[in-house]
There are 2 protein chains.
Amino acid sequence: MVIDINLSNLAGPKLPNPPSIPQPSLARLPQYHHYLVDLEARGITRISCSQIGGDLGYIPVQVRKDLQYTGIIGKPKTGYSVPELIRSIETFLGWNNINEAFLVGAGNLGTALLGHERFSKFGLRIVAAFDTDPEKIGLWIHEKAVLSLDQLSDLAQRMSVHLGIITTPAEAAQAVADEMVKGGIQAIWNFAPVKLRVPENIIVHNEDLYSTLASLSWKLARRFNVPIQEKEAV
Amino acid sequence: MVIDINLSNLAGPKLPNPPSIPQPSLARLPQYHHYLVDLEARGITRISCSQIGGDLGYIPVQVRKDLQYTGIIGKPKTGYSVPELIRSIETFLGWNNINEAFLVGAGNLGTALLGHERFSKFGLRIVAAFDTDPEKIGLWIHEKAVLSLDQLSDLAQRMSVHLGIITTPAEAAQAVADEMVKGGIQAIWNFAPVKLRVPENIIVHNEDLYSTLASLSWKLARRFNVPIQEKEAV
DNA sequence: TTAGACTCGCTATATGGTTATCGATATAAA
DNA sequence: TTTATATCGATAACCATATAGCGAGTCTAA
C-alpha cells in the first residue's frame, strides 16, 4: 500500500519481479519487532504465535505465516526464541546495514523527519536535506545541512546515496524525483500526494496522508449521516 | 492502510460492517481528486477514464470502477464532466463538512501536522493540541494552543470533537487512545507504531512510517545483496 | 441520415492474501 | 515410560480485489 501499501502503498500496474512476501505481511513485521523488543526488555526469552497474536490483535495463523517469511523456525510447545526472532526480522528487513538518504523539502514535515532520530535504529540515516528556497539553503536543521536542490544529483552519485525522501508540495515532487533518478537514487519515499513517473526499476513508496484522511472522513461521514444506506439494495 | 490500509492500514481481524467500497479504491480517490483539480485549473472540462488512467498510471477499467463508487455517471464518447466529478468525489468523501480534530503529542511530527493548512481543504481542522510535557503546555504552535492531556476527554465531549490524532511515542499511545475514547472520540488517526486496543466501534487508521520503511529497506537490501535468490526453489 | 468509433457500465474470470484444517513434534505431567 | 497438550509447519479452502471481455449508448463525420 502503502504502500505503495499501500500499501498506502498500492502496487502499480504490475510488478515485473514479484515479491516473495505479501506487502501486508511486510508491513506487519515492524510491529512484531517493536513488540518483541519490548518483551526482551522485560526479560522474556520465548514467545508463541498465539501469545503474539493475542497481544497484537491478530490470529495466530497469520502471525506464524508472517514470521515464516523471515526464515525463523520455532519449536512446538515452546514457540520461538525472542532474541532469535528479533534478529531474524532485522536481518530479513535489512536493518543491519544502514541506508543513507537524502531528503528534499525542508518544510514542516521534512523538518519533523530530519529530527526523528529513531529512524537510525531501523536502518535509515538521513544525511542531508535539500530545498529550492534561498531562505532555507544554508540552514542547519537538526544537525543536517540544507543544500540547494541543484547539488543533489551530483552528491547522490558521489556519496552513493540510494534512498530519497520527498516532502515537497505536490507541484514540485515530479521534478525532484527526476533529479533523484538522475543522481542514481534507487528508491523514493514519497510524501507528496502525487503519483510519480519514474523508470520501472526505481522503487517508489507513497506515504499519502490524504489517502488515509479520505478513508477517515468517508467513514466518519458515513457514521453520522447514514441515511443513504447503501444505494437501496434492490 | 493504510489501508486501516494500511497500506498502511491493514484491516484487522474482521470488519462487522463491510465497507461498500474497497479500501484501495478509497485510497485512490484523493489522487484522482488532486489530478482533477489540476485539470480544472487548466480549463479542461471533460475527461475520460482512459485519459485519467494514462496520466496516473492505472488501467482505465480500474479508474472507472473507482469513480463509479462515488455515484458519478459519465457519458460515452465524452467521458465525465470535470467539475461534476470533483464535486462527486468531495461529497462522497465527506469533504464538504469539516471534521474538527484534537492532536496529541506536540513533537516534531505533531508540529508538522499542526502547520499543515492544506488539510482544511480536505475536511480536516485541527483545533487544539495536547501534551503531557509541562514545558509544552501553554505554548501556541501554528496558532493552536497546546493543552494538558488531562483536559482532553472533557473538552472533546463539550466541543463534540470526533476525531483524534496521535503523534506521541509508542509507549504513550495506548493511554492517549483510552483518553480519547473516554471523551467520545469516534475515529483515531494513529501515527505511533503500535496497534491500539479500542472498542470495536471506534475507527482506527494507522499511519505507520516504520511499515513503509520496512518495505523500502527490504527491497533495497534485496536489490543490493541478491545472492540468496529466493531460498532455492527446489 | 447513417456509419463508425470511442467510451461507459456490467458480468465473469484470475490473482493474491487471509483464514481454516490437519498432521507432526516437543515438552510436561502422570 | 507413557500420555496429554500446546504449538509449529504445510496444505487447502475461501474471500476480496484486480483484470479482462462484452454489449450498449452517444457523439462525430461523411
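Letters go in sequence order (proteins before strands), and every chain restarts at 1.
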Considering just the side-chain nitrogens and oxygens of [X], establish if one lies under 4.0 Å of OP1 or OP2 belonging to [N].
| X | N | answer |
| --- | --- | --- |
| B/Tyr80 | C/dG9 | yes |
| B/Gln62 | D/dA20 | no |
| A/Arg64 | C/dT18 | no |
| A/Lys75 | C/dT27 | yes |
| B/Arg28 | D/dA18 | yes |

Practice problem: Please figure out whether A/Lys65 or A/Pro76 has its closest DNA chain D nucleotide nearer the 5' end. | Solution: A/Pro76
Separation of atom [atom1] in [X] from atom [atom2] in [N], rounded to whole Å:
| X | N | atom1 | atom2 | result |
| --- | --- | --- | --- | --- |
| A/Leu29 | C/dG17 | CG | P | 14 Å |
| A/Leu26 | C/dG17 | CG | P | 11 Å |
| B/Gln51 | C/dT7 | CD | P | 9 Å |
| A/Ile73 | C/dA24 | CD1 | C1' | 15 Å |
| A/Leu85 | D/dT7 | CG | P | 15 Å |
| A/Ile59 | D/dT7 | CD1 | P | 15 Å |
| B/Ile52 | C/dT7 | CD1 | P | 12 Å |
| B/Tyr58 | D/dA18 | OH | P | 10 Å |

Of the options [options], whose atoms approach the side-chain atoms of [X] most closely?
| X | options | result |
| --- | --- | --- |
| A/Ser50 | C/dT27, D/dT7, C/dG17 | D/dT7 |
| B/Ser48 | C/dA20, C/dG17, C/dC8 | C/dC8 |
| A/Gln68 | C/dG17, D/dG9, D/dT17 | D/dG9 |

Exercise. Answer yes or no: is there a donor N or O on one side and an acceptor on the other, between the side chain of B/Thr91 and the main chain of B/Arg87, under 3.5 Å?
Key: yes
Quiz prompt | B/Glu100 backbone acceptor or donor facing B/Arg125 side chain under 3.5 Å | solution = no
Quiz item: Is there a side-chain contact between B/Val104 and B/Thr167 (heavy atoms, below 4.5 Å)?
Solution: no
Self-check item: Check: A/Trp189 and B/Thr212 side chains under 4.5 Å, non-hydrogen atoms
Solution: yes
Quiz item: Which word best sums up how the rings of A/His116 and B/Tyr210 line up, parallel for under 30°, tilted for 30 to 60°, or perpendicular for over 60°?
Solution: tilted
Quiz item: When the nearest nucleotide of DNA chain C is assigned to A/Val61 and to B/Lys77 on a heavy-atom basis, which residue is associated with the more 5' position?
Solution: B/Lys77
